[in-house]
Amino acid sequence: MSWFDRILRQTPRAPTGSTVISRAMWACEGRLGLKGDATRITGEVEGLDVVVEREVLQLGPERSRAERLLLRARLPLRLDVGLRVTRAAESDPRRPLRTDDEPFDASFLAVADEAERGRRFLTDEIRAELLGGPETELTDSGVTVAVGEADAPRIADAMRHTLGLAHALERQRLTTPPAAALAEFDTAWRAFATTSQVTVQSTPLVGRIRLGQVETQALAVRDGFGQFHFELTARFPFDLRLGLGLRPQNTTNEHGRDVESFGDRRFERLFALSAREGSAQPLFDTEVRARLVELRHAGLQIRANDRVVSAWMGCRKDDPMAPVRHLWSLADIAHSVTARVEAQGPRTTPLG
């Protein structure tokens, strides 16, 4: 007897909508340890964030109702390929890429910003899995599989299909070259990595280095066809548990009651800072505030919370090392804040 059959023999909760769909969701909860409610459950499976949710469809001229399950596995890092592989026809200005696999090309529409990069994610293994599996869509963010009511009892097979494809995409990204628009950044970062502890991956382009207790990362994020920005992060070594909020200043929060005043007009014209637990002022002294102002004038949009100092940065090809170089500045800020928090007392919530 399969684990799905064993779960079906248990006394179920009152079903919502389709009983078959409800039982399939209960099976996922019991087997995979997902948590949620009768419409959406989430969790981590095999190192991937997984979502299972029910979808109600309106079918035909009489708008009759039907249900299905959507299984989603998110990639640890969102790709920057502009990838979309789907059975359904859709409007996309890009020319579909071909794989010389006639059965696959006849059944699936595949597009990517750069055809050769897209083809790297359509290996023999992945094409065969798509052709033999349920309705599936691949995108930069991961895998989505639709399971109809009739197929819901085979939810275990659908989940294996979903996870298998996500892992296959993850393997392929590790050997895929960078986007053409990021080639200069990739070359510069890799040259720097030979004399430093920075580690670099090309798809998506990401550079990482641990600076003292702080894990830092510079990640290229696709905005659209051939368009990118960088997201920089410096993670605190533990959860500050202060309700810290640092964000760009604007007319909405400029006079907010929760925003602290430092008497530093230069800083307060650019940033709004608050904390739910106590005052944030001891954490952001004159030196730290000056660093934040300097980074803002360098083009970074900086935010911070109890877990991370982060920054948005535009893609400027005249200085390809800038995203990595700024990691040291963000790490310095994170170290300064960490030291001041530790001086106030022990913290017991390390970050994962």
Donor-acceptor pair, [X] side chain versus [Y] backbone, under 3.5 Å?
X	Y	answer
Q249	R269	no
T187	E184	no
T216	I209	yes
D140	G82	yes
E137	T86	no
T203	T176	yes
R340	S336	yes
R72	G142	no
D113	F225	no
E114	A180	yes

Legend entry - Partners passing side chain to side chain donor-acceptor pair (under 3.5 Å) against R127 (at least two apart in sequence or in another chain):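 By the side chain to side chain donor-acceptor pair (under 3.5 Å) rule, R127 matches D101, D124.
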Is [Y] paired with [X] through a side-chain N to carboxylate O contact shorter than 4.0 Å?
X	Y	result
E215	R235	no
R78	E231	no
R119	E116	yes

Could you tell me whether the side chain of [Y] reaches within less than 4.5 Å of the side chain of [X], counting heavy atoms only?
X	Y	result
Q301	R296	yes
D151	D157	no
R173	V81	no
S107	L130	no
T39	E53	no
V214	V309	no
T139	T144	no
L165	I126	yes

Separation between [atom1] of [X] and [atom2] of [Y], rounded to the nearest 0.5 Å:
X	Y	atom1	atom2	result
I21	I155	CD1	CD1	7.5 Å
L122	F104	CG	CZ	4.5 Å
L242	F236	CG	CZ	9.0 Å
L163	L48	CG	CG	6.0 Å
R222	Q227	CZ	CD	9.5 Å
I302	R247	CD1	CZ	15.0 Å

Legend entry - Candidate list V20, V145, V52, test side-chain contact (heavy atoms from CB on, under 4.5 Å), partner L69, passing option: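 When V20, V145, V52 are each tested with L69, the side-chain contact (heavy atoms from CB on, under 4.5 Å) holds only for V52.
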Would a single hydrophobic cluster contain both [Y] and [X], if residues Ile, Leu, Val, Met, Phe, Trp and Tyr are joined by side-chain heavy-atom contacts under 4.5 Å?
X	Y	answer
L270	L292	yes
V221	V308	no
L71	V51	no
L205	L77	no
L244	L295	yes

Taking all heavy atoms of [X] and all of [Y], pick out the closest pair and write down the distance.
X	Y	result
A168	E125	CB-OE2, 4.0 Å
P178	A183	CG-CA, 4.3 Å
A146	R68	CB-NH1, 3.4 Å
R120	P177	NE-CD, 3.2 Å
F267	V293	CA-CG2, 4.0 Å
L83	V85	CD1-CG2, 3.9 Å

Legend entry - Within 6.0 Å of CZ in R276, more than 12 heavy atoms from elsewhere: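 Not more than 12 within 6.0 Å, no.
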Legend entry - Over 12 foreign heavy atoms within 6.0 Å of CD, E55: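 Count over threshold, so yes.
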Inset, instruction - Start with the C-alpha gap between T233 and L219, add the side-chain angles, then the distance that decides, and say whether side-chain contact (heavy atoms from CB on, under 4.5 Å) holds. - result: CA-CA 9 Å; T233 55; L219 172 69; over 6 Å; no
Legend entry - Validation row, ring centre F228 to ring centre F185 under 6.0 Å: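 Ring centres of F185 and F228 not closer than 6.0 Å.
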Inset, instruction - Report the C-alpha distance between V143 and T136 in whole Å, list the side-chain angles of each, state the deciding distance to 0.1 Å, and finish with yes or no for side-chain contact (heavy atoms from CB on, under 4.5 Å). - result: CA-CA 7 Å; V143 181; T136 304; 3.9 Å; yes
Inset, instruction - State whether a side-chain donor-acceptor pair under 3.5 Å links E129 with H161. - result: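 There is such a pair (donor and acceptor under 3.5 Å, judged by atom type) between the side chains of E129 and H161.
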Inset, instruction - Compute whether any side-chain donor of one residue and acceptor of the other, for S202 and R190, lie under 3.5 angstrom apart. - result: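 Yes, R190 and S202 have a side-chain donor paired with an acceptor closer than 3.5 Å.
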Which pairs would a plain distance check flag for residues 322-331, meaning a side-chain donor or acceptor within less than 3.5 Å of a matching protein atom at least two apart in sequence or in another chain?
unit_1 : atom_1 : unit_2 : atom_2 : d
R325   : NH1    : D319   : OD1    : 3.4
R325   : NH2    : D319   : OD2    : 2.6

Inset, instruction - Show your reasoning for whether side-chain contact (heavy atoms from CB on, under 4.5 Å) applies to L273 and R289. - result: CA-CA 11 Å; L273 178 64; R289 296 199 304 271; over 6 Å; no
Legend entry - V200 vs F192, side-chain contact (heavy atoms from CB on, under 4.5 Å): CA-CA, chis, key distance, verdict: CA-CA 10 Å; V200 179; F192 181 68; over 6 Å; no
